[in-house]
Amino acid sequence: MTAPVIFSVNNDIGIISIDYPPVNALSQSVRQGLIDGVIKFENDDSIKAIIIRCKKRTFIAGADIKEFANAPLEPHLPDVVNRIEACTKPVIASLFGTSLGGGFEVALACHYRVALETTKVGLPEVNLGLIPGAGGTQRLPRMVGVKKAMEMITSGVHYSVNNFSSTDLFDCIFSSDENLDESTLRFVEELVTTGKITLSKVGEKTIVNDIDNWKQTLSLINKKSRGKEAPNIAARILQKSLGLNIAEGMALERREFLKLKESEQSAALRFAFGAERLASKTEFTATPLEVKNVGIIGGGTMGSGIATVFLSSGFNVKLVEQNEEALATGRERIEGNFESNVKRGRISQDQANSYLASLTTSIDYQSLSESDLVIEVVFENMEVKKTIFRQLDQVCKPECILATNTSYLDIDEIASVVTDPSRVIGMHFFSPANIMKLLEVVQAKKSSEQALLTAMAVAKKLKKISVMVGVCFGFAGNRMYTRYGREVQQMLLEGAKVAQIDDALTGWGMAMGQLAVSDMSGLDIGYHARSSVSAPKYDRGYFKPAELMFKLGRYGRKTSKGYYQYDENGKASNDPLVDQLISEKAEELGFIQKEFSDDEISQRAILALISEGLQLLKDGIVKRASDIDVIWLHGYGFPRHKGGPMFQAKQMGKNKLELQFEKLRQLESVEIWPEVDLSLVL
Ligand code: T1G
């Protein structure tokens, strides 16, 4: 394997080139190479300046996340960046791609920074439950002020270099059609030949305190962090650093960084980072088909949302509906989605117009003859879907992939009406389709590797996170959601109150309470979905409170009454009548009511998710435990800093899990809490 760092000379300029795929991360060998390069050229009298550049995909995208599991090896990154800054010859960082975390800290320690205009920079360590650990909290505020540094470090967002034109952060921004290496060399040569080159050290600058109200700033960050520790710690370090010199500030930063690196939150967030990238990997070897033309059957909320996502990602979309009126409504919905994207400044009007220019509509299925992929997005009725697939079988070209967006119906049965069922798969988007990142790619019994891999490649273009799952009622996500919902229903029957349950779950970190989500998605939808399969005989309380709400016409937000009541502005409030009605139902069913603690509620709900997750692994519906976590992080508002239900199982460990499951089996039954094979997750 070639050395990740090589040295070369161009006239009197020393060049340190990093070539360490995939993202030139700061592994031990890269760190060592940087130090060796600085010392080599510093001691070479013929050298006037040093350039740090990277090959291939991007400038350094950070410390090597893969090394975090082990004890840190020398040279440590803070020493590397300080050595660069201390160099007696000017060091220039030549940026492109995404210069992030430790990569941006290396650039900040250089005496000059130049970049292509398309470059993104950032200190996103908080997304990994960390803080910058190599001077980022010290050098960035010295260059952009503490206010901007606070925003960048606590948000973890990547920023375009064009955001910093009012600062001295970049010495030169090259246009995107320039050759970065040539432009950087020209920039440095000019400085050297004109003798203007200097050793401007960021670390020697003072931090300008441009934050007026620290109390307010810190509380705002605490509110936004929703239980994540790292943003709050970073904010406090920025405050404390106002009176410190760079060495004292970096020592403080390092202490907190090393503490966070051992934290459960960082372990969860680093796990999530890896799990997301693993989810798209399969053992399949087929070559995905190229997809340009996409047919969408159904222009309802979901269909128009999915069409919007495809158009926004550069695909040609043909929307098909059963009549002109429905077609017009579908087009209006899509135009409405783009209008609100323009209003929210997500895209320009020109972009919206160009996306809409790739939309065509028809009531004639024949118009799908050139489609590479067709997605059926009509209401959940098996016979209607089978009719549509019979028509698609007639009109679509043999290599066209036929996908259904059903959330729970049997895709093997849908595929049974198609001549070549190997081209039938599920592509289960989550609502709202233009927001939710998750896509369940459903493998039916006869789905081909090529069809599945094509869908996963399309998902990447849509900037979705795709997870492959098998066919069962509700696939992976909704099947677990039903089990999670069942446990909430059971706790209602055993005496927990509506508001207490939702507060316990959001207090634990869930984005929303399960009952508030049910009210939002409609209790009638849930009722009809569950009615398509028979309720388990061994579970006498199975969704009884939900059934009661449905029978009372309390469908949730859409009827202003569900588990909560909603005023004319949609504001939710408790309705004591609901707790009373459920309590009476529970008595009628013979359930003994008791007090619940918030911990007991959240623990039992998470254990229900783990139990069903283990069943999914046992049934082979999901290949990896981490895929289940990715589904819950991106489809169901599971708190990212908790890693996911299966990650939580790992944190709990064998003994605690077995003990908890056994207790619940005693409380209820082995049918409801089946024996589980913990080796599937531990
Ligand atoms: N270390 C190791 N591998 C990394 C990596 C990293 N920092 N970043 C990406 N990869 C791998 C990733 O696993 C995948 O591998 C491949 O690169 C492509 O990634 C002291 C301690 C750079 C914007 O947080 O945000 O510096 O799956 O699929 O969508 O202060 O990756 O192909 O085998 O995501 O084009 C701070 C994390 C670290 C940046 C590219 N840096 N990376 O996105 O490709 S902490 C980060 C990203 C730090 C210091 C601290 C993105 C990306 P594989 P990808 P992408």
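Note that ligands are numbered from 1 as they come in the structure, with each ligand's atoms numbered from 1 the same way.
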Thr118 and Ser176: side-chain donor and acceptor closer than 3.5 Å?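 Their side chains do not contain a donor-acceptor pair, so the 3.5 Å distance test is not met.
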Does either side chain, that of Ser313 or that of Tyr355, offer a donor lying less than 3.5 Å from an acceptor on the other one? no
Could you pull out all residues at least two apart from Arg83 that satisfy salt bridge (charged side-chain N to carboxylate O under 4.0 Å, His left out)?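 By the salt bridge (charged side-chain N to carboxylate O under 4.0 Å, His left out) rule, Arg83 matches Glu42.
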Just to verify, what does Asp79 make a salt bridge (charged side-chain N to carboxylate O under 4.0 Å, His left out) with, not counting sequence neighbours? none
Would the Phe430 and Tyr636 ring centres measure less than 6.0 Å apart? yes
Present, as a list of atom pairs with distances to 0.1 Å, all nitrogen or oxygen contacts under 3.5 Å between ligand 1 and the protein.
residue, atom, partner, partner atom, Å
ligand 1, 1 (N), Ala63, O, 3.4
ligand 1, 1 (N), Ile65, N, 2.9
ligand 1, 7 (N), Ala63, O, 2.9
ligand 1, 26 (O), Ala63, N, 2.8
ligand 1, 26 (O), Gly102, N, 2.8
ligand 1, 27 (O), Lys281, NZ, 2.6
ligand 1, 30 (O), Glu105, OE1, 2.6
ligand 1, 30 (O), Glu125, OE2, 2.6
ligand 1, 30 (O), Gly133, N, 3.0
ligand 1, 34 (O), Arg277, NE, 2.7
ligand 1, 34 (O), Arg277, NH2, 3.1
ligand 1, 35 (O), Arg57, NH2, 2.9
ligand 1, 41 (N), Ala61, O, 2.9
ligand 1, 44 (O), Arg57, NH2, 2.9

Can you list every pair that meets salt bridge (charged side-chain N to carboxylate O under 4.0 Å, His left out) and has a residue in residues 97-121, with sequence neighbours left out?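 Listed once each, the pairs would be none.
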